[in-house]
Amino acid sequence: MDDVRRARPRRVPAAVSRVGLVALVARRLRGCQEIDELAQVVAECTVELVDPHQVVVSRVSDDRACTVWSVRPAAEPADEVWTVASWPPLREILDDRTTWRSWDGAGRGPSALAQGPVAASVPVVVNTTVWGLVTITGEHFDDDDVALVEVVAALAAAALVRLDFDHQVQHMLVEDPLTGLADRRVADAAADAALQSGVETCIVMCDVDGLKQVNDQLGHGEGDELLRLVGEVLRRAAEELPGSTAARIGGDEFCLVVPGWPRGTVTGAMEQTVERFALPHGAAISWGVASSVGERVTVSSLFRAADFAQYHVKRARARRRQLALPRAVDPTTTAQQLLSRAVPALVAGRGELGRVCALAATAADTLGGGEWTVLRAGAGPAMVVARGGSPSGEDDPPGTVTVAVDGWQIEVGASIESSHHPEVTTALRAAMYIALHPPE
């Protein structure tokens, strides 16, 4: 097996008594954080206590003992998997949970066990179940030696109980108990790591349309089942984008943190997954995407941009369904709507980038385009620092309205005919100036 480690342990001064060594074993096991580390400590400490020819620490599962860590001469062959068929005493150990020993070499066991007439295999029993074995071989052991190995096995069992408890607590802290997805803290950490790495990072923010009606009409049990199904949709979307983190933020809000994938790929994966796995009871997932390249965007601002995208796309689609607004709208009306909606968005946004993203999302919502892009001019060509929104859902692709102020530029999707009228673009430019120079 690839994960089997072999090493000669460090030596402990001979002046240290066996009682002192046992105390040292207990202290070292208390510091173990992983199974491999624990197996290594057990093997090395067993060598210090009884000086065997070799030690093999194995994990038991389905009547098989698989080597996790061993200390043996470099040239010694290894049987990494022992079965009841290849070594009959294993059946007795598993059934009786007692130490097996052979003082004369008879039935000593797999060929991996060392040369010599003496061998013993001590079970590590956790909650009445044999978790694993500590097997020793050599030229001479007595009952006291085997008893010391049994003490080590008992200490290892106690350490395994602690590790299992710690892992369960960790899962409780980082997993949403209803859906099994990660929680907000994990999503924040994943987004921060992605931004620090400098790769393009996308955040997909989602909420559930129709959850309240399901809770009111069918009960909260059905509502919880709906949330679990939404979690499964997000999990499947994450599988389409390896390296992604799917999380439940709280209530009916979910997110996907996607490092290293272009925004277009992320949008396509979400569209296909949401379409393929429709929700029951007429419910649906509303979602929006924001992306960033490099470290110029903070985690909180990227989440806010995605949230704006999700909210505005959801509102725009609902408004189009309910009002069926015509494409031909008076430019003055469009400009007034743009300015009236921009003010609360600018108040909600924090920092230059946050306010510009909020304005871009609001403009895309008002002009019916759905998607938006924010760029920043530098020494060279303007660089994309954030994108957001989702396709408008119109049969014809929308046009684009572009305005630039003080080195910032926004490109906003627009399907309303009056979007390109000078009155509308002037209003958008004025709103962008306010975003960059807010009144004190």
Side-chain angles (χ1 to χ4, degrees), residues 1-61 65-82 90 93 99-102 108-116 118-126 130-164 166-167:
M1 295 175 63
D2 294 337
D3 61 345
V4 175
R5 305 331 198 274
R6 301 183 181 86
R8 295 303 302 176
R10 60 181 178 81
R11 303 298 298 179
V12 175
V16 179
S17 67
R18 278 185 164 184
V19 173
L21 283 173
V22 170
L24 177 62
V25 172
R27 286 196 295 272
R28 291 185 65 188
L29 288 173
R30 280 200 301 270
C32 293
Q33 300 298 318
E34 300 295 339
I35 298 298
D36 283 356
E37 181 185 5
L38 182 142
Q40 179 185 8
V41 169
V42 168
E44 293 180 351
C45 290
T46 300
V47 170
E48 297 301 333
L49 285 168
V50 299
D51 193 25
H53 181 79
Q54 70 173 357
V55 180
V56 178
V57 179
S58 52
R59 176 75 182 269
V60 171
S61 177
C66 301
T67 301
V68 178
W69 200 282
S70 64
V71 177
R72 58 165 63 93
E76 195 70 43
D79 286 352
E80 307 299 2
V81 180
W82 308 347
L90 179 59
I93 298 172
T99 298
W100 172 87
R101 66 187 71 187
S102 172
R108 188 168 61 246
S111 59
L113 301 186
Q115 302 295 323
V118 180
S121 193
V122 178
V124 178
V125 181
V126 178
V130 177
W131 178 92
L133 305 174
V134 182
T135 302
I136 57 174
T137 61
E139 296 297 330
H140 53 80
F141 297 123
D142 57 25
D143 289 337
D144 288 342
D145 292 324
V146 175
L148 283 171
V149 179
E150 290 176 336
V151 171
V152 173
L155 292 172
L160 286 165
V161 171
R162 174 186 60 79
L163 280 178
D164 182 62
D166 289 347
H167 289 164

Measuring only between side-chain heavy atoms, which start at C-beta, is [X] closer than 4.5 Å to [Y]?
X: Val57; Y: Thr67; value: no
X: Glu150; Y: Thr99; value: yes
X: Trp82; Y: Val56; value: yes
X: Val55; Y: Val134; value: yes
X: Ile35; Y: Trp69; value: no
X: Gln54; Y: Ser70; value: no
X: Leu133; Y: Val60; value: yes

### Task
For residues Glu37 and Gly31, report the shortest heavy-atom separation together with the two atoms involved.
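Result for this residue pair: OE2-O, 3.8 Å.
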### Query
Which pair of heavy atoms, one from Pro123 and one from Ala153, lies closest together, and at what distance?
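In this case the closest contact between Pro123 and Ala153 is O-CB, 3.7 Å.
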### Query
How long is the span from the CG atom in Asp51 to the OG1 atom in Thr46, to the nearest 0.5 Å?
11.5 Å
### Straight-line distance of Leu160 CG to Leu38 CG, nearest 0.5 Å
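Going from the CG atom of Leu160 to the CG atom of Leu38 covers 5.0 Å.
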### Presence of salt bridge, Asp143 and Arg101, under 4.0 angstrom
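Between Asp143 and Arg101 there is a salt bridge, with a charged N closer than 4.0 Å to a carboxylate O.
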### Message
I'd like to check the side chain to side chain donor-acceptor pair (under 3.5 Å) partners of Ser121; sequence neighbours left out, ordered by chain and number.
### Response
Thr135
### Task
Verify side-chain contact (heavy atoms from CB on, under 4.5 Å) between Leu29 and Val42, making sure each step is shown before the conclusion.
CA-CA 8 Å; Leu29 288 173; Val42 168; 4.0 Å; yes
### Query
With distance as the sole test, does Gln40 use its side chain to make a donor-acceptor pair with the main-chain N or O of Asp36 at under 3.5 Å?
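Flag not set: sc Gln40 to bb Asp36 has no pair under 3.5 Å.
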